[in-house]
Amino acid sequence: MSAKLNSKYVSSFVTDEEILSYQEKITKAHNDLHSKTGAGNDFLGWIDLPVDYDKDEFQRIKKAADKIKSDSEVLVVIGIGGSYLGARAVIEFIGGQNYNDLREGTPAIYFAGNSISPSYLSDILSICKKKDFSINVISKSGTTTEPAIAFRVFRELLEEKYGKEEAAKRTYVTTDRARGTLKALSDKEGYETFVVPDDVGGRYSVLTAVGLLPIAAAGIDIDALMAGAAKARAELMDTDINKNDCYKYVAIRNALYNKGKSTEMYVSYEPSFTLMNEWLKQLYGESEGKDGKGLFPASAIFSTDLHSLGQYIQEGERILFETVVTFAEPKDEIYIKEDAENADSLNFLAGKPMTFVNEKAFQGTILAHNDGGVPNIVIENEKMDEDSLPISNASLSA
């Protein structure tokens, strides 16, 4: 696999025997999931999404994305929770946090409907008043407060700017297949609609039109994304803990939880992973935080957050462990040049790539945190691209 689990930095906290003691539970959970016989089996469509999806709708998604790219300088994606986090995470991971400034031939993408702040919404409205734009509203029912308010506001602006007929052509709706307020309105107004499958919960819906339309509009290769997800699905089917790094991760985090580690901190040394961390927090927080149980999901980007959270992680209450996601190859590289005056005393790094410094920061931090009593699970990835992203995420969230 392109994603591998490194358990070296957790071995002094959890033994191999403890990890293997979870084998029976993991096998049962796997069989319940794939036979769709366990609790919540009405919402397990995400398991087969990479290989079992509507191919005709997939082509419509790509066609709609091409139209948006051709006629819109801005795409406003309206949704909350799973209706925006996955898409934004993928766009920022592949396109970078500065995607809107660096893009070429694709629209700037802004996310609305995820808060009730008038200031935030007003800023996006001001941008859209000066540019050609389209909207993609995502809601199963159409009555969730935050996106419903945002849709009302942007729908009004669209109709004022383009007239009702043209506004309808710039409105893309992802909603229930046959029922709900938003579906009824879309049928009435002639909006192009895409489907939120009945058996896929919002936080797992990124590989449906919920995530794929905005991702494709950003110029990201959704064929490669689906291929990577299909590869992850195939590689993570073995129930043997010793052969499946995903299930080994499951066993380790359960063992740590049962030893009193109540907080899991997702860490990356790549700022473009920030929204992936936010999405992981939703996936785990919403899935596990029930019945007075569950790990509290937190996140950090190093080395940035070492200057604010490092002290607590190193010497604070011993309640957390870290899951660190690393990438061997950055999307770009910068080499440090020699400075004639050497005022910052960094000439010893001259000729080195910044990746080298980032790697040393990782190594030093993980050793220090280990010495401070903080277990670290490391998920090692090769690249930062469409193919490896779903493999990394599947390793973390299955």
Side-chain angles (χ1 to χ4, degrees), residues 1-3 25-62 64-65 79 81-87 89-90 93 138 140 174-179 193-216 220-241 243-250 276 279-280 282-284 286-288 379 385-398:
M1 282 190 64
S2 60
K25 290 181 179 179
I26 283 173
T27 301
K28 182 180 185 308
H30 174 95
N31 291 336
D32 286 347
L33 277 173
H34 288 271
S35 64
K36 299 182 180 179
T37 56
N41 58 71
D42 291 341
F43 291 94
L44 293 177
W46 57 269
I47 293 174
D48 298 319
L49 269 179
V51 294
D52 183 16
Y53 58 93
D54 187 331
K55 307 300 191 298
D56 290 335
E57 180 171 80
F58 191 79
Q59 294 305 315
R60 282 202 305 118
I61 288 169
K62 292 198 284 187
S83 294
Y84 98 97
L85 270 173
V90 173
F93 178 80
I138 306 165
K140 188 79 168 174
T174 308
T175 189
D176 190 88
R177 184 183 302 276
R179 59 186 182 273
T193 59
F194 301 92
V195 175
V196 182
D198 290 335
D199 60 351
V200 178
R203 60 192 180 276
Y204 300 105
S205 63
V206 70
L207 294 182
T208 71
V210 170
L212 292 177
L213 179 55
I215 289 169
I220 293 169
D221 186 346
I222 61 174
D223 287 295
L225 192 69
M226 295 300 281
K231 183 161 53 173
R233 179 183 178 276
E235 291 176 346
L236 297 171
M237 289 291 278
D238 199 317
T239 60
D240 188 338
I241 289 177
K243 298 178 181 178
N244 188 326
D245 279 354
C246 170
Y247 287 153
K248 188 173 184 180
Y249 168 62
V250 168
M276 288 295 297
W279 185 27
L280 286 169
Q282 188 210 12
L283 285 168
Y284 281 112
E286 195 172 343
S287 298
E288 297 181 346
I379 308 294
D385 58 19
E386 292 94 332
D387 180 72
S388 61
L389 172 60
I391 297 174
S392 171
N393 195 54
S395 300
L396 286 162
S397 59

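Starting from 1, each residue takes its place in the sequence as its number. All values below come from the heavy atoms of this structure, side chains included, with hydrogens, waters and symmetry mates left out.
Taking each heavy atom of Leu213 and Ala64 in turn, the nearest pair found is CD1-CB, 4.0 Å. When all heavy atoms of Ala3 and Asp245 are compared, the pair lying nearest together is O-OD2, 4.3 Å. Nearest heavy atoms, Ala89 versus Met276: CB-SD, 3.5 Å. Summarising the geometry of Leu207 relative to Pro50, their closest heavy-atom pair is CD1-CG, 4.1 Å, with the distance given to 0.1 Å. Of all heavy-atom pairs between His30 and Met237, the closest is CE1-O, 3.1 Å. For the pair Lys231 and Asp387, the tightest heavy-atom approach, listed with the atom from each and the gap, is NZ-OD2, 2.9 Å.
With sequence neighbours excluded, no residue forms a salt bridge (charged side-chain N to carboxylate O under 4.0 Å, His left out) with Arg177. By the ring-ring contact (aromatic ring centres under 6.0 Å, His included) test, Phe194 pairs with no residue at all, sequence neighbours left out.
Of the residues Thr174, Ile215, Val200, the one that meets the side chain to side chain contact (heavy atoms under 4.5 Å, CB included) test with Val210 is Thr174. When the options Trp279, Trp46, Phe43 are evaluated for a ring-ring contact (aromatic ring centres under 6.0 Å, His included) with Tyr204, the one that passes is Trp46.
Distance check: Lys243 NZ to Leu236 CG gives 14.5 Å after rounding to the nearest 0.5 Å. Taking CD of Gln282 as the start and OG of Ser287 as the end, the distance is 8.0 Å to the nearest 0.5 Å. Between the OH atom of Tyr84 and the CD1 atom of Ile138 there is a distance of 11.5 Å, given to the nearest 0.5 Å. Rounded to the nearest 0.5 Å, atoms OG1 (Thr27) and OH (Tyr247) are 8.5 Å apart. Taking CG from Asp56 and CD1 from Ile61, the interatomic distance works out to 11.0 Å, rounded to the nearest 0.5 Å. Here Thr239 contributes atom OG1 and Asn31 contributes atom CG; the two are 7.0 Å apart, rounded to the nearest 0.5 Å.
Formation of a donor-acceptor pair under 3.5 Å by the Lys62 side chain with backbone atoms of Ala216 is not found in this model. With hydrogens and angles disregarded, a donor-acceptor distance shorter than 3.5 Å links the side chain of Glu386 to the backbone of Asp221. Remark: the backbone N or O of Lys140 is paired with a side-chain donor or acceptor of Thr175 at under 3.5 angstrom. In this structure, Arg233 contributes its side chain and Ile47 its backbone to a donor-acceptor pair below 3.5 Å. In this structure a side-chain-to-backbone donor-acceptor pair under 3.5 Å is missing from Asp238 to Asn244. Side-chain atoms of Glu57 come within 3.5 Å of backbone atoms of Val195 as a donor-acceptor pair (strictly under, hydrogens ignored).
A salt bridge links Lys36 to Asp48: at least one charged side-chain nitrogen sits closer than 4.0 Å to a carboxylate oxygen. A salt bridge between Asp32 and Lys28 is present, with a side-chain N of the basic residue lying under 4.0 Å from a carboxylate O of the acidic one.
At least one side-chain heavy atom of Ile26 sits under 4.5 Å from a side-chain heavy atom of Ile241. You'll find the side chain of Asp199 stays beyond 4.5 Å of the side chain of Asp42, heavy atoms only.
Taking the six-membered ring where the residue is Trp, Tyr53 and Phe58 present tilted rings, their angle falling between 30° and 60°.
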